[in-house]
Structures are given as structure tokens and as C-alpha cells.
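Below is one structure, written out as C-alpha cells, with a few remarks after it.
Just so it is clear, the model here is predicted, and its values are computed rather than measured. For reference, positions follow the sequence shown, starting with 1.
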Amino acid sequence: MHVENTSEGKLTTKNSTEAKTSIFDLPREIIQQIVSYLSLQDICQLGATCRHGHSLTHDEDFWEFQVWKQFGLYFTTDLNTVTEALAKTSRYPLEGLAYDPSVQGNREISVIYSPEFKRIMIERNGKAKQDPFRAKLANSIKDILPRLLAFYVALPVGVEDQFSARLVLFGPGIESANTKLLVRRMVNARSSTFDAVEFIKGLPGGIGSGVKINYNHMYNFDLMCLYSNSESIRETVYHNRNGARLDPNLNRMLVKDSMGKLAIQPSIVKLLPTLHALVFAIDTAVDSREKVAEEVEGMRKELGVMLESQSKFNLCIPLLVLACRNESVGANCFISLEEIIVGLELLEMKSPWGVFEVCCENMRGVEKGLDWVLHHLAKKRRELSYHSMQGQSS
């Protein structure tokens with residue numbers, strides 16, 4: 001409504017016919033595209049501006065789109081959505097997919113993969129001096145990011161809250177001539193990402209030995225590698241013979257039980273109750289599409305033997321599958337994420353699992369997988385500590 005002065009000198013009122021427009025009048029898909037270019041900090045502040053912004057930043061579909069676009073990942077708490085996600089056509093490539101019932105939604109995933117979260121984690125662990133601008137934001141009551149982080153991701157208060165998770169790395173991917181440098185880049189690294197700080201003594205005979213790694217100044221974990229045999233035997237026997245990995249005479253990780261079924265050898269079985277996560281590495285390069293089913297079937301059997309032995313301890317630990325490839329090696333084709341998930345029968349698993357594409361030359365994809373599994377383990381540990389404290393206080 002506005003006031004007009006007529007020719008008679010009288011003041012009259014008139015209703016405005018022009019409606020005010022805003023960005024929220026656009027179609028929701030366009031709004032999601034525009035907002036996806038903002039930083040996590042800006043998105044959180046947008047959610048505090050009005051009810052439309054609040055609705056958008058609390059929409060699971062928006063955060064699912066955000067995680068897919070920014071990180072090439074799809075996370076779900078419902079196995080029934082995996083098939084639909086794999087069949088979905090998108091302009092943004094899918095580089096990883098994970099099922100984790102403990103996740104509170106893709107907003108939590110967007111937080112833990114954000115630069116802001118990593119910076120705060122490093123500062124909390126005392127590895128880097130907090131810059132004045134970050135300190136000012138963290139202390140401001142108008143800054144919603146710390147509250148978002150505190151609600152979705154419980155941050156440790158210092159290094160003393162960190163624990164060393166035990167991960168075991170095994171599978172054809174760490175022995176294949178194409179992708180075996182994956183282990184070397186992790187174990188022998190002295191970088192800000194993978195800092196191998198200590199040798200871990202295994203069981204008698206060297207089984208379960210490995211290294212303690214400080215990862216991104218955020219987490220510590222023990223990485224133990226399980227090889228099927230010595231390097232010389234692997235190179236001479238396994239070359240173009242995937243089935244040899246299931247032969248107990250050639251694979252010292254395996255034995256046959258009294259029923260003639262394949263099983264993990266007893267010395268390794270003793271190691272299983274101490275593990276926090278399984279990391280199964282595979283080489284996705286194949287000579288032709290006709291060989292995909294055969295290769296994946298061999299991988300499924302090898303993984304199945306480990307999972308069956310581990311299930312006897314009634315432990316629900318996450319499985320991280322690293323789908324490795326070496327772009328410098330000429331391969332006719334690669335096994336897709338869908339073929340891996342279906343072929344390994346991951347849709348029948350109840351425990352958390354994730355499959356991430358990995359480029360061995362630059363280690364792209366390894367960090368995404370480790371960020372998820374280490375956050376999952378740290379979160380689980382804090383929940384157990386909380387319930388333990390509650391039990392003691394009662």
C-alpha cells in the first residue's frame with residue numbers, strides 16, 4: 001500500500017499490485033544448483049535467514065544432491081535405495097557409495113567431508129595454530145557452523161580423545177601388479193595425509209604386523225596387511241590366474257576345514273576379534289567385459305571366507321572396499337561400482353559397507369573411504385564411552 005496526492009490535493013491510498021520476488025520463488029531444482037556453490041559456512045547461515053532457507057537446509061534431498069555433486073558420493077541408511085541410486089543418471093559422476101545406518105543423513109556426510117570440519121579437527125588435536133578469523137567465527141553467536149558440527153558430529157576435545165583403530169588390508173588389489181603400489185604409498189609415506197609413525201608388531205610369525213599411521217592430523221589407525229604369500233610366489237603363480245587365490249596350497253591365508261570348506265587359517269582368526277574394520281582392495285582392470293563375472297566371482301568367494309570367519313565373533317564392523325585402478329596401465333575396461341556391489345553381494349550385508357573408486361597414481365578415493373570409516377569408528381567409540389559413563393553413574 002502506498003500514498004498518492006490527487007489533483008484535488010487529497011491523499012489517497014492504493015494497494016500495490018507488484019508482488020515481491022526472491023530466490024525462493026525459483027523451482028527447487030534451480031535453487032539447489034545455486035546454493036550448492038556456497039560453502040558449508042554460507043549454507044548454514046542461509047538456513048538462519050528465513051523459513052524458506054531453513055526448509056532448504058533441512059531438506060535431505062538437498063544434502064544428498066550436495067554430497068553427490070561436491071564429492072561424487074552417495075550415502076544411504078536404507079539398502080532399498082542403492083539399486084535406484086546406481087541406475088540414476090546424473091551429470092556428476094558417482095565415485096563411491098556407502099551404506100551406514102548410523103549416519104544421521106547426508107548433512108552429516110557433507111560436514112565430515114568439508115574443509116571446515118577438517119580444519120576444526122586439526123585445531124582440536126593441536127596440530128595447527130588456530131587462525132584469528134576462525135577463532136572469531138567460532139566464538140560468534142551468529143555463527144551456526146560450530147553448533148551444526150556439535151549437533152551432527154561430536155568433536156573430540158583433544159589428542160587424548162583419539163584412539164588408534166585397527167584396520168586390516170587384504171585382497172587381490174594389494175597383490176596385483178597394476179595396483180600393488182597402493183600399499184607402498186600408504187605405508188612408506190611421510191606426508192601430511194599418511195604419516196607412518198611406528199611399526200606394529202603382529203602375532204608370532206609376523207601375521208598382523210603393520211604400521212601406525214597418523215592420517216591428516218585427524219585420526220590415528222593401525223594398518224595391518226595380510227598377503228596370501230611371498231611376493232616372488234605371488235608374481236609367478238597368480239599372474240593371470242585369479243582362481244589360484246582360492247587354493248590353500250598357494251594362499252597361506254586359507255585352509256580347508258573338516259568339512260572341506262575354505263576357511264581362514266587359525267592364526268589369522270585370532271586376529272579378527274581385535275579388528276575395527278576390514279579393508280578389501282581389488283583391481284578393477286579386466287581384459288574384456290566377458291571376464292567381469294568370473295573376476296568378481298573370485299573376489300566374492302575370497303571376501304566371503306573372511307566375512308564368514310569374522311561373523312563367528314558376532315561383531316558388526318564396517319567393510320571398506322577399495323576399487324583400485326591404475327590409469328597408466330592400459331586396460332581394456334574396468335569393473336563398475338554396480339558390478340562390484342552386486343557381484344560381492346553387498347546388498348545382503350547388514351553391517352555398514354562402502355565401495356570407493358581409487359586411482360593408485362594419486363591415491364584419489366582412498367581419503368574418501370578412510371574419512372568415512374574412521375569417522376564411523378570414532379563416532380561409535382564415543383557412543384560406547386557415553387553409555388559406559390551413564391551405566392557407571394547410575
Side-chain angles (χ1 to χ4, degrees), residues 67-68 70-75 92-98 109 112-115 117-119 121-122 125 127-128 164-200 210-227 231 276-285 299 318-331 334-337 340 353-378:
V67 170
W68 191 313
Q70 285 202 348
F71 311 112
L73 304 176
Y74 177 81
F75 278 77
Y92 306 106
L94 183 63
E95 300 175 357
L97 191 151
I109 299 301
I112 68 172
Y113 280 105
S114 68
F117 174 73
K118 294 182 178 180
R119 182 171 59 247
M121 285 287 289
I122 293 174
N125 290 335
K127 298 297 183 180
S164 190
R166 304 191 73 186
L167 279 60
V168 62
L169 176 62
F170 67 105
I174 66 173
E175 302 182 8
S176 168
N178 298 332
T179 58
K180 64 181 181 180
L181 71 157
L182 169 74
V183 178
R184 190 177 305 124
R185 289 185 179 273
M186 294 176 65
V187 173
N188 297 332
R190 297 288 297 179
S191 64
S192 59
T193 303
F194 298 99
D195 187 5
V197 297
E198 184 182 352
F199 176 76
I200 302 298
V211 294
K212 181 184 294 292
I213 295 177
N214 180 270
Y215 173 68
N216 270 335
H217 301 308
M218 295 168 55
Y219 304 101
N220 295 317
F221 69 93
D222 299 343
L223 182 66
M224 294 163 283
C225 301
L226 294 179
Y227 288 98
E231 185 174 4
H276 297 103
L278 300 175
V279 184
F280 185 59
I282 61 176
D283 180 3
T284 59
M299 299 172 187
L319 168 68
L320 171 60
V321 179
L322 301 180
C324 305
R325 64 170 62 187
N326 189 338
E327 300 288 355
S328 63
V329 178
F334 296 95
I335 305 173
S336 67
L337 282 177
I340 294 170
W353 55 264
V355 182
F356 296 83
E357 292 182 347
V358 172
C359 179
C360 291
E361 293 97 327
N362 55 24
M363 300 293 284
R364 176 181 173 86
V366 175
E367 290 189 51
K368 294 179 181 179
L370 289 176
D371 281 343
W372 162 66
V373 75
L374 293 173
H375 169 72
H376 172 91
L377 294 175

Report the residues that fulfil salt bridge (charged side-chain N to carboxylate O under 4.0 Å, His left out) with Lys180, sequence neighbours left out, ordered by chain and then residue number.
Glu231, Glu235

Go through the steps for Met299 and Ile335 under the test side-chain contact (heavy atoms from CB on, under 4.5 Å), then give the verdict.
CA-CA 12 Å; Met299 299 172 187; Ile335 305 173; 4.0 Å; yes

Please report the interatomic distance CG(Asn178) to SG(Cys324), rounded to the nearest 0.5 Å.
10.5 Å

Rounded to the nearest 0.5 Å, how far apart are CD1 of Ile200 and CG of Leu223?
10.0 Å

Where do Lys368 and Val358 land on the side-chain contact (heavy atoms from CB on, under 4.5 Å) test, with the steps shown first?
CA-CA 9 Å; Lys368 294 179 181 179; Val358 172; over 6 Å; no

According to side chain to side chain contact (heavy atoms under 4.5 Å, CB included), who are the partners of Leu337, at least two apart in sequence or on a separate chain?
Leu94, Val355, Glu357

Kindly indicate whether the side chain of Thr284, heavy atoms from C-beta on, has any atom under 4.5 Å from the side chain of Ile340.
yes

Quick one: NE2 on His217 to CZ on Arg119, what's the gap to the nearest 0.5 Å?
15.0 Å

What orientation do Tyr219 and Tyr215 show, parallel under 30°, tilted 30 to 60°, or perpendicular over 60°?
parallel

Taking side chain to side chain donor-acceptor pair (under 3.5 Å) as the cut-off, I'd like each qualifying pair that reaches into residues 358-367, sequence neighbours left out, listed once.
Glu95-Arg364, Asn216-Glu367

Taking all non-hydrogen atoms of both residues into account, name the closest pair between Pro318 and Trp372 and its distance.
CB-CH2, 4.0 Å

Contact check, side chains of Met186 and Val211, non-hydrogen atoms, under 4.5 Å:
no

Ring pair (Phe, Tyr, Trp, His ring centres under 6.0 Å) involving Tyr113 - partner list, sequence neighbours excluded:
Phe71

With a 4.5 Å cut-off on side-chain heavy atoms, are Asp195 and Ile213 touching?
no

So among Asp222, Asn220, Asn214, which one has a side chain to side chain donor-acceptor pair (under 3.5 Å) with Ser164?
Asp222

Output, in order, the C-alpha distance, side-chain angles, deciding distance and verdict of side-chain contact (heavy atoms from CB on, under 4.5 Å) for Asn326 and Leu181.
CA-CA 9 Å; Asn326 189 338; Leu181 71 157; 3.9 Å; yes

Is a donor on one side and an acceptor on the other found under 3.5 Å between the side chain of Arg325 and the backbone of Cys360?
no

Is there side-chain contact between Phe199 and Lys212, with heavy atoms separated by less than 4.5 Å?
no

Roughly how far, to the nearest 0.5 Å, is the CG atom of Leu370 from the CG atom of Leu167?
7.0 Å

Could I get the full list of side chain to side chain donor-acceptor pair (under 3.5 Å) partners for Thr193, not counting sequence neighbours?
none

Only counting residues at least two apart or in another chain, list the ones meeting ring pair (Phe, Tyr, Trp, His ring centres under 6.0 Å) with Phe356.
none

Taking the six-membered ring for Trp, are Phe280 and Phe170 parallel (under 30°), tilted (30 to 60°) or perpendicular (over 60°)?
tilted

Nearest 0.5 Å, what's the CZ-CZ distance between Phe221 and Arg166?
13.0 Å

Measure the shortest side-chain to side-chain distance between Leu226 and Leu169 over non-hydrogen atoms and say whether it is less than 4.5 angstrom.
no

Side-chain touch Leu320/Leu278, heavy atoms, less than 4.5 angstrom
no

Could I get the full list of side chain to side chain donor-acceptor pair (under 3.5 Å) partners for Lys118, not counting sequence neighbours?
Asp371

Would you sort out whether Leu182 and Leu322 count as a side-chain contact (heavy atoms from CB on, under 4.5 Å), showing the intermediate values?
CA-CA 10 Å; Leu182 169 74; Leu322 301 180; 4.1 Å; yes

Partners passing side chain to side chain donor-acceptor pair (under 3.5 Å) against Ser176 (at least two apart in sequence or in another chain)
Asp283

With rounding to the nearest 0.5 angstrom, report the CH2 to CG distance, Trp68 to Leu73.
10.0 Å

